[in-house]
Amino acid sequence: MKRIIAIILATVLLAGCLVSCNKRNAVDISGAKTIADLEGATIAAQTGTFHLDALNAQLGEKVNVQEYEDFTKLLVALNSGAIDGYVAEEPTAFSIIAQNDGLDFLPFVNNTTGFTASEADTGIAVAFKTGSAMVAQVNTILTGVSLETRSKLMEQAVTMSADPDKALGEAIVLSSSNTSVANGTLKIAMECAYDPFNWSQTTDANGAVKISGSDLYANGYDVQIAKYIAAELGMALEIYAVEWDSLIPGLQAGTYDAIIAGMSPTDDREEVVDFTDCYYNSNLVVIYKKA
């Protein structure tokens, strides 16, 4: 419900520009085989992300670069014709096209047909305050999660994101047998708006976690990772919905213990926070509207 309302609101906000957007000469990028084939198109990415950095650095002179503050606005812009496509992680693309029959994505592969990127650029990791001893503890926990389990968990997250309040029909592949919370509470910040990594829903279906200060629940790949880490640490879990640009400042201020939000451990971020090893790696792709 929250996502539906957000999309409606975003549509209203963009309504004022639709007349000019409709006059834009759209570029059909459906046949693009490499990012070089995007030349002349209008391609967008989320503000403050490596997606946008890569887009500006590697295609800035060849495409019209646009940026939007969140993925809801990117989706609305694409459907309205304001942009020809937008950069996203491959799991996000799977989730989006499962919910939108009129969309598809260009399956670029990092460093060959796609963007030049390191594993740190396109991986996602847990962020802690600089100097936190918990980085080593969480790395030990993540070491025990196999690549097969990570892949299967993402498949489950994509399936759940299509209908968040519907029971999955199978057990979540990643779970801990530890039920003790003797070591306190782990406060985790995330957007709760980045399918399939994290989103909000109206029920606790599929092990969703109540969002602190809200009537909604959080679920997704990041949520399940957070649940597992907290359990293995012997801690209770609290999840906070936080806007992207406020995640790191909130962590630095001590409002939260960690960020688990599909965040890549880029060089710039490494200067202000400490990251664990990556708990997922993906390709950057471009989502587009089918003709």
For this session: Could you tell me which residues satisfy ring pair (Phe, Tyr, Trp, His ring centres under 6.0 Å) with Phe94, sequence neighbours excluded, listed by chain and number?
Result: Phe105
For this session: Compare all side-chain heavy atoms of Ile124 with those of Tyr279 and state whether any distance is below 4.5 angstrom.
Result: yes
Seminar exercise, completed: All heavy atoms of Leu284 vs all of Asn110, minimum pair found to be N-OD1, 3.0 Å
Exercise. Between the side chains of Thr34 and Thr113, does any donor sit under 3.5 Å from an acceptor?
Worked result: no
Problem set entry | Residue pair Leu251 / Ile259: nearest heavy atoms and the distance that separates them | CD2-CD1, 3.8 Å
Problem set entry | Distance-only donor-acceptor check, side chains Thr149 and Ser146, under 3.5 Å | yes
For this session: Spell out, as yes or no, whether a donor-acceptor pair under 3.5 Å connects the side chain of Ser80 to the backbone of Ala77.
Result: yes
Please tabulate, for the side chains in residues 150-160, all donor-acceptor contacts under 3.5 angstrom to protein atoms that are two or more places apart in sequence or on a different chain.
from, atom 1, to, atom 2, distance (Å)
Arg150, NE, Val145, O, 3.0
Arg150, NH1, Cys278, O, 3.0
Arg150, NH2, Leu142, O, 2.8
Arg150, NH2, Val145, O, 3.3
Gln156, OE1, Val173, N, 3.0
Gln156, NE2, Glu170, OE2, 3.2
Gln156, NE2, Ala171, O, 3.0
Thr159, OG1, Glu155, O, 3.1

Exercise. Are Lys210 and Tyr217 in a cation-pi setup, meaning NZ or CZ lies under 6.0 angstrom from the ring centre and within 45 degrees of the ring axis?
Worked result: yes
Exercise. Would you call Val87 and Gln46 a side-chain contact if the rule is heavy atoms closer than 4.5 Å?
Worked result: no
Exercise. Can you name the residues that form a side chain to side chain donor-acceptor pair (under 3.5 Å) with Ser30, not counting sequence neighbours?
Worked result: Asp28
Exercise. Tell me the salt bridge (Lys or Arg N to Asp or Glu O under 4.0 Å) pairs involving residues 79-104, sequence neighbours left out?
Worked result: Arg24-Asp84
For this session: For residues 223-252, pull every pair meeting side-chain hydrogen bond (donor to acceptor under 3.5 Å, both in side chains), keeping only residues two or more places apart or in separate chains.
Result: Ser176-Glu232, Asn219-Gln224, Glu238-Tyr240
For this session: State, without any angle test, whether Glu270 and Thr266 hold a side-chain donor-acceptor pair at a distance under 3.5 Å.
Result: no
For this session: Would you indicate whether Lys166, at its atom NZ, is surrounded by more than 12 heavy atoms from other residues, nucleotides or ligands within a distance under 6.0 Å?
Result: no
For this session: Give every residue pair that meets the side-chain hydrogen bond (donor to acceptor under 3.5 Å, both in side chains) criterion with at least one member in residues 56-65, sequence neighbours excluded.
Result: Thr42-Asn64, Asn64-Gln66
Problem set entry | Ring center gap for Tyr194 and Phe71 short of 6.0 angstrom | yes
Exercise. Is the side chain of Thr47 donor-acceptor paired with the backbone N or O of Glu67 at a distance under 3.5 Å, no angle test?
Worked result: no
Problem set entry | Test log, rule side chain to side chain donor-acceptor pair (under 3.5 Å), inputs Thr203 and Asp165 | CA-CA 6 Å; Thr203 71; Asp165 296 316; 2.9 Å; yes
Problem set entry | Side-chain heavy atoms of Leu247 within contact of Met263, under 4.5 Å | yes
